Every structure is written in C-alpha cells, then in structure tokens.
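See structure below.
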Amino acid sequence: QWQIAPPVTFQQQQSRTPAPTPQATISSSAHNSSASTTQRSPLIVSTNSAVSSYPYLNPLLFLGFVLFSAAVSVMSAPISLAPGGSASRVSAKSGLEAATERTRQPIVTGTSVLGIKYKDGVMLAADTLCSYGSMAKYKDARRLAKVNDATLLGAGGEYSDFQSITDLLRRNALEDKCTADSLYEEDVNEECAKEVWNYLRAVMYNRRNKMNPLWNDLVVAGFSQPAFGEASEENKPFLGLVDKIGTTYEDDVIATGFGSYLAIPILREKHRPDLEEGEARALLEDCMRVLFYRDCRALNRIQIAKVTKEDGVLISDPYEIETSWDSASFVEPKGQLEGDGGW
C-alpha cells in the first residue's frame, strides 16, 4: 500500500527531475526489486513512514471529528422556546434563573387604605398616588375597585399585583354568570363580601406558600349573607382585611400601611355604630389629611367609596382635600435652625 507524502517546496520541485508515475515504478520493481527501491521517487513512501502520523494525511477522519465535536456542543445547550415559535438557545445558568424567578420586593406601591362601618353601610378611602421607590410617580392610580354590587375592594402595596387580583375576581364573576342556570343577571347569585374575603385569603396564602406572594394588603368591604342556621335573614355590613401572607381579621375600623399607626387611634376614638354618612366621610378625610402630613408616600388627592343596601357600590371621582401648613409644629424651627431643618 502507498500514500502520497507531504508536498515539497517550490525550490525542491525545480531542482528535481519529474518523478515517474506509480505504474512505471511498480512495473520496474517487478523486474528488479533492488533497483526500483533505490530509484523510487521521494514523493512515494511506505505507510510505516513517520510522516504518515500528521493529521492532514487523513482529512476525512479529521473533518469528521470536528463535525462530531461541534454537534455535541450544540446539542448539549438548552433550548428556550421563546414566544412566537423562536427556538433561541440560552445558557444553562440563565435558564435556571428564569425558572426560579420570584418577586423579592414591590416596585410601584400605594400606601394606606382606610375603612369604617357606619349606620347605612361601609365606607373606604384611599389616595391616588403610586410611588416608584421614593419618587411620587403616578398621581392617578385608583386603588378602590368594585367587585360586584355588594362588594368593594381596596388595596395597598404593589399596584400590578392589585391589578392581577381584580382581573382574577372579574374572571370568576364572568365564569359564574356563564355557568349559571338562569340567563337573567338578576337571578345569578353573586358572591357576598365575606365570600370574596375568604377566597382572597386562600389566594394570598397559596401564593405565600409558593414563596412568590402578592405584595398587597387588601381591604374588603360590603355586605355578608347570613350564615347557615342563623335566625336573622338580613345582610350585615362587613369589613375585613387580608395581608400578603394570608392573615385575615374583621373589625369596625381598618387601616393598612402607615394608616395602621396614625389613623387607627383616631378612627377608634371617634367611631360609633350609629355614625351618619356625612360624619363617616368627614372622619376619613381627617385621617387622610393626617397621613398626607406625616406619610411621605401619601397624597392629598383621594377617593371615597361606599357600599349600601339601597345604592350598592359607589366610588367617587378623585378630589383634593384642603390642607394647612400653618400649624406650630410645621412652622417652628427644627434642630435649633432657622427654617424647617433641611439643607
């Protein structure tokens, strides 16, 4: 067996005479083996020569090895099925991070929501500011929403999670209407406020157990249907809270956020079961004014909402409450400095 040796240089080719063809060499070796061996061209060598170990002597094997290595490296990379049918490949680290992504902290947040029971129903109040960190970014973010004719929902915390919760409640209401036995809306039994409150407790607790909570404190207001076996057949006013880990409680006055420190003492001091609607509204406005003075995430542009048996759910348009900065605690020097103590 014979193989072609590595090509010689241009100078060597010019100095040598043309080599005989392999047929001529083989034929000459048949007559005189010793002569053919001594006269054989240096371009033809035996397979046991040292130069046969060079990789380019077998290009097909080397090319196959390169293609096989490339195929193994490509097939070992994970595939990301991106939207739109794209099959872009990503690293294993980025794929693992995407699979375990969690909400670590709220980004766009609203502050306090206040609630109070009065003689005719339940009333809620909230401002319309959503802050991006410490920046007052969105000043028309409405955080009071109607769930049905007997239930009102208010939320503090992450605004996008609040939108997700309201979408979930609307889908449930639509599903109840589509699967009801009657085609008339007045015959469809809507969930009462206490049922919505219990449902949200299960949702928030479920997300908390997945280590991916919805970052909201929810206030549910409305009327609750009488429990099975109760003698009374009248719907009672209901006011309850659900926090982001699924903790719930009911009370006559409720506040979230900074309001749980500043507004709750005022509400508990002035609340009465026979409060008129005007008195309840004035009390909530006073509390929202105090929060605007003391909470740097609050705003004096607020909404008031109420739930009554006669009118159902009513939510006011945003309006600004009057404020005054003439109080002595706002005017007198701070830290023995002339001015407000700032830079």
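Since this is a predicted model, take the numbers as computed values, not measurements.
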When you compare the side chain of Lys119 with that of Leu275, does any pair of heavy atoms fall below 4.5 Å? no
Report yes if the side chains of Tyr118 and Met123 come closer than 4.5 Å at any heavy-atom pair, otherwise no. yes
Measuring from Leu218:CG to Thr248:OG1, what's the distance to the nearest 0.5 Å? 11.5 Å
Would Arg297 and Ser134 count as a side chain to side chain contact (heavy atoms under 4.5 Å, CB included) if you check the C-alpha gap in whole Å, the side-chain angles of each, and the deciding distance to 0.1 Å? CA-CA 8 Å; Arg297 303 291 185 269; Ser134 60; 3.6 Å; yes
Test applied, salt bridge (charged side-chain N to carboxylate O under 4.0 Å, His left out); reference residue, Asp127; option that passes from Arg142, Arg143, Arg301: Arg143
CZ-CG distance between Arg208 and Leu214, expressed to the nearest 0.5 angstrom: 13.5 Å
Do the non-hydrogen side-chain atoms of Ser131 and Tyr159 ever get within less than 4.5 Å of each other? no
If every non-hydrogen atom of Gly154 is compared with every non-hydrogen atom of Leu144, which pair is closest and at what distance? CA-CD2, 3.8 Å
Note: Gly222 and Val122 closest approach over all heavy atoms is O-CG2, 3.7 Å
If you count the non-hydrogen atoms of other residues, nucleotides and ligands that lie under 6.0 Å from OH in Tyr132, is the total more than 12? no
Could you grab the distance from atom CZ of Arg171 to atom OG1 of Thr166, nearest 0.5 Å is fine? 9.5 Å
Looking at every heavy atom in both Pro106 and Trp215, which two are closest together, and how far apart are they? CD-CE3, 3.4 Å
Chi angles and distances behind the side chain to side chain contact (heavy atoms under 4.5 Å, CB included) call for Glu191, Asn172: CA-CA 10 Å; Glu191 294 178 338; Asn172 291 342; 5.5 Å; no
When rounded to the nearest 0.5 angstrom, what distance separates CD in Glu276 from CG in Asp120? 6.5 Å
Can you hop from Val219 to Val253 via hydrophobic side chains spaced under 4.5 Å? no
More than 12 heavy atoms of other residues, nucleotides or ligands under 6.0 Å from CE of Met135: is that the case? yes
For a side-chain hydrogen bond (donor to acceptor under 3.5 Å, both in side chains) check, start with the C-alpha distance between Asn300 and Thr323, then their side-chain angles and the critical distance, and finish with the verdict. CA-CA 8 Å; Asn300 64 335; Thr323 58; 4.5 Å; no
Ring pair (Phe, Tyr, Trp, His ring centres under 6.0 Å) contacts in which one or both residues fall within residues 237-281, not counting sequence neighbours: Trp197-Phe238
Presence of salt bridge, Arg281 and Glu277, under 4.0 angstrom: no
State the CG-NZ distance between Leu153 and Lys146, to the nearest 0.5 angstrom. 13.5 Å
Answer yes or no: is there a side-chain heavy-atom contact under 4.5 Å between Leu284 and Leu267? yes
Determine whether Phe292 and Leu114 fall in the same hydrophobic cluster, where Ile, Leu, Val, Met, Phe, Trp and Tyr are linked whenever their side-chain heavy atoms lie under 4.5 Å apart. no
Using the rule that Ile, Leu, Val, Met, Phe, Trp and Tyr join whenever any side-chain heavy atoms are under 4.5 Å apart, tell me whether Val113 and Ile304 fall into a single cluster. no
Looking only at heavy atoms, which two atoms of Ala221 and Val307 are closest? And how far apart? O-CG2, 4.2 Å
Check: Leu169 and Leu200 side chains under 4.5 Å, non-hydrogen atoms: yes
Are there more than 12 heavy atoms of other residues, nucleotides or ligands under 6.0 Å from atom CZ of Arg272? yes
Leu129 and Tyr138, any side-chain heavy atoms less than 4.5 Å apart: no
Should Ile165 and Leu152 be regarded as members of a common hydrophobic cluster, given that ILVMFWY residues are connected when their side-chain heavy atoms come within less than 4.5 Å of each other, either directly or indirectly? no
Smallest heavy-atom separation, Lys117 atom then Asp251 atom, equals CE-O, 3.8 Å
In this structure, are over 12 heavy atoms from other groups packed under 6.0 Å from Lys309 atom NZ? yes
Flag the pair Lys244 and Glu158 as a salt bridge only when some basic side-chain nitrogen lies within less than 4.0 angstrom of an acidic carboxylate oxygen. no
In terms of hydrophobic clusters joined by side-chain contacts under 4.5 Å, are Ile321 and Ile116 together? yes
Residues Glu250, Lys194: salt bridge by 4.0 Å N-O rule: yes
Nearest 0.5 Å, what's the OG1-CG distance between Thr179 and Leu174? 9.0 Å
Taking the side chain as everything from C-beta on, heavy atoms only, tell me whether Asp286 gets closer than 4.5 Å to Arg289. yes
Evaluation steps, side chain to side chain contact (heavy atoms under 4.5 Å, CB included), between Tyr205 and Ile245: CA-CA 5 Å; Tyr205 185 71; Ile245 63 174; over 6 Å; no
Non-hydrogen atoms of Ser112 and Gly259 that approach each other most closely: OG-N, 2.9 Å
Is a donor on one side and an acceptor on the other found under 3.5 Å between the side chain of Glu195 and the backbone of Cys192? yes
Any chance you could lay out the side chain to side chain contact (heavy atoms under 4.5 Å, CB included) test for Leu239 and Leu124, step after step, and finish with the verdict? CA-CA 10 Å; Leu239 182 62; Leu124 298 184; 4.0 Å; yes
Would you say that Asn216 contacts Met204 through its side chain, given a criterion of any heavy-atom pair below 4.5 Å between the two side chains? yes
